[in-house]
Asks: 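Once you've had a glance at the structure underneath, I'll fire off some questions.
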Amino acid sequence: MSAKTIRKQINELELLLEDWITFHGIFDSNSELMSMSSDEFLTLKNNIARRQEILLDLLESEKEVGQMIMDIISRVATTDYVSQLSDIARKRLESEWNSAFICINETIGLLEKRLDHQMSLARPDQFIVQVVQMAGKGIARVFQSTWFKFIFSVVLIGLIIYAVFAFGILSSEDLPSFLRDWLP
């Protein structure tokens, strides 16, 4: 995906987020949403529905969150709808709104991270820095692994034993008889 496409998706989702925050005014009787005409309210709902398609395309595995947005805006026919609900139904609706709000924000964050990665790949100097950092992390993981420590310990003990015999600190006659059979 190109950086231009990612920027466009981020922009569309930010517009969706603005409309979604405006739509949250249905939970506040003093909001400017309550003074909207029914045509303006329908336009807001239409904008959310159109931009929600972009969110659905990006979510892939979490389509139910995008569908939740459509369910909410289809249930709220007028700005007075929420005032007619019971407290439990109102809290449930607001909880669904919050879940969708979080999902939109997370998706924007993921796209921004993808864009940063895409931009760093476009600059060769940043790409090289990332490759070196990833290689360094991989090497550090190897040195921290238990298998590396075990193999290193075995090799070190073998080198110490070889050095002891090579420098004449011990000779094969100094070893017990069962070990002499193993030595060349």
Side-chain angles (χ1 to χ4, degrees), residues 1-123 126-127 129-138 140-141 144-146:
M1 190 179 309
S2 70
K4 184 178 179 180
T5 305
I6 295 172
R7 279 192 198 101
K8 184 179 177 192
Q9 290 171 336
I10 290 172
N11 186 44
E12 287 294 319
L13 287 179
E14 285 174 344
L15 291 173
L16 171 63
L17 190 62
E18 287 176 18
D19 289 342
W20 196 240
I21 290 170
T22 302
F23 186 78
H24 187 261
I26 60 171
F27 299 107
D28 183 11
S29 60
N30 296 324
S31 76
E32 60 189 54
L33 181 69
M34 295 306 180
S35 62
M36 276 187 177
S37 69
S38 59
D39 288 340
E40 290 173 327
F41 184 67
L42 289 175
T43 302
L44 174 67
K45 287 174 51 171
N46 186 33
N47 289 340
I48 291 171
R50 278 187 297 110
R51 291 188 177 114
Q52 174 262 355
E53 289 296 321
I54 294 169
L55 181 66
L56 277 175
D57 291 342
L58 292 170
L59 290 176
E60 294 168 3
S61 63
E62 296 183 33
K63 296 230 184 245
E64 67 273 356
V65 175
Q67 190 57 45
M68 183 188 331
I69 293 172
M70 288 305 294
D71 291 344
I72 293 171
I73 63 172
S74 65
R75 274 189 280 163
V76 180
T78 66
T79 53
D80 297 329
Y81 172 78
V82 176
S83 62
Q84 299 167 2
L85 292 175
S86 68
D87 284 342
I88 294 171
R90 179 187 163 114
K91 287 182 193 278
R92 180 174 171 234
L93 184 65
E94 190 159 13
S95 174
E96 291 173 1
W97 182 93
N98 283 324
S99 297
F101 178 79
I102 290 168
C103 181
I104 295 168
N105 273 314
E106 286 175 345
T107 306
I108 291 172
L110 290 172
L111 284 174
E112 287 173 345
K113 187 176 179 178
R114 231 186 255 169
L115 180 63
D116 287 344
H117 180 71
Q118 189 78 16
M119 297 304 291
S120 69
L121 292 178
R123 294 185 52 202
Q126 290 295 324
F127 179 72
V129 167
Q130 281 187 341
V131 169
V132 169
Q133 285 176 344
M134 288 171 34
K137 288 178 184 176
R141 274 190 241 121
Q144 292 171 351
S145 72
T146 304

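Computed from a predicted model, the values in this text were never measured in an experiment. All residue numbers refer to positions in the sequence shown, counting from 1.
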Asks: Let me confirm one number: the CD1-OG1 distance from Ile48 to Thr43, rounded to the nearest 0.5 Å.
Replies: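 Output value for this atom pair is 11.0 Å.
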Asks: Quick check for you: to the nearest 0.5 Å, what is the distance between Asn47 atom CG and Glu12 atom CD?
Replies: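 If we round to the nearest 0.5 Å, Asn47:CG and Glu12:CD are 10.0 Å apart.
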Asks: Holding to side-chain contact (heavy atoms from CB on, under 4.5 Å), I want the full list of residues that pass it with Glu96, two or more places apart in sequence or in another chain.
Replies: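 If we apply the side-chain contact (heavy atoms from CB on, under 4.5 Å) test to Glu96, skipping adjacent residues, the hits are Met68, Ile72, Arg75, Arg92, Leu93.
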Asks: Determine whether Ile21 and Leu17 make a side-chain contact, defined as any pair of heavy atoms from C-beta on separated by less than 4.5 Å.
Replies: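 Yes, close enough: below the 4.5 Å cut-off.
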Asks: Of all the heavy-atom pairs spanning Trp97 and Trp20, show the shortest one and how long it is.
Replies: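 So the two residues come closest at NE1-O, 3.0 Å.
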Asks: Could you report the tightest heavy-atom contact between Arg51 and Leu16, atom names first, then the distance?
Replies: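 Heavy-atom minimum between the residues: CD-N, 3.6 Å.
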Asks: Going from CG on Leu15 to CZ on Arg50, what distance comes out if it is rounded to the nearest 0.5 angstrom?
Replies: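 The CZ atom of Arg50 is 9.5 Å from CG of Leu15, to the nearest 0.5 Å.
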Asks: Could you tell me the separation between the OG atom of Ser95 and the CD1 atom of Ile88, rounded to the nearest 0.5 Å?
Replies: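 Answer for the OG-CD1 pair, Ser95 versus Ile88, is 13.0 Å.
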Asks: Taking atom CD1 of Ile10 and atom CZ of Arg114, what is their separation to the nearest 0.5 Å?
Replies: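 Reported value, rounded in 0.5 Å steps: 9.5 Å.
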Asks: Write down the atom of Ile69, the atom of Ala100, and the distance for their closest heavy-atom approach.
Replies: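 Taking Ile69 first and Ala100 second, the nearest heavy atoms are CG1-CB, 3.6 Å.
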Asks: Going by the rule side-chain hydrogen bond (donor to acceptor under 3.5 Å, both in side chains), which residues pair with Arg7 if we only count those two or more places apart in sequence or in a different chain?
Replies: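 Result, side-chain hydrogen bond (donor to acceptor under 3.5 Å, both in side chains) vs Arg7: none returned.
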Asks: Taking all heavy atoms of Ile6 and all of Leu111, pick out the closest pair and write down the distance.
Replies: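 Nearest pair, atom of Ile6 first, then Leu111: CG2-O, 3.4 Å.
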Asks: Within this structure, what is the CG-CG distance for the pair Asn46 and Asp19, rounded to the nearest 0.5 Å?
Replies: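 Result: 10.0 Å between the selected atoms.
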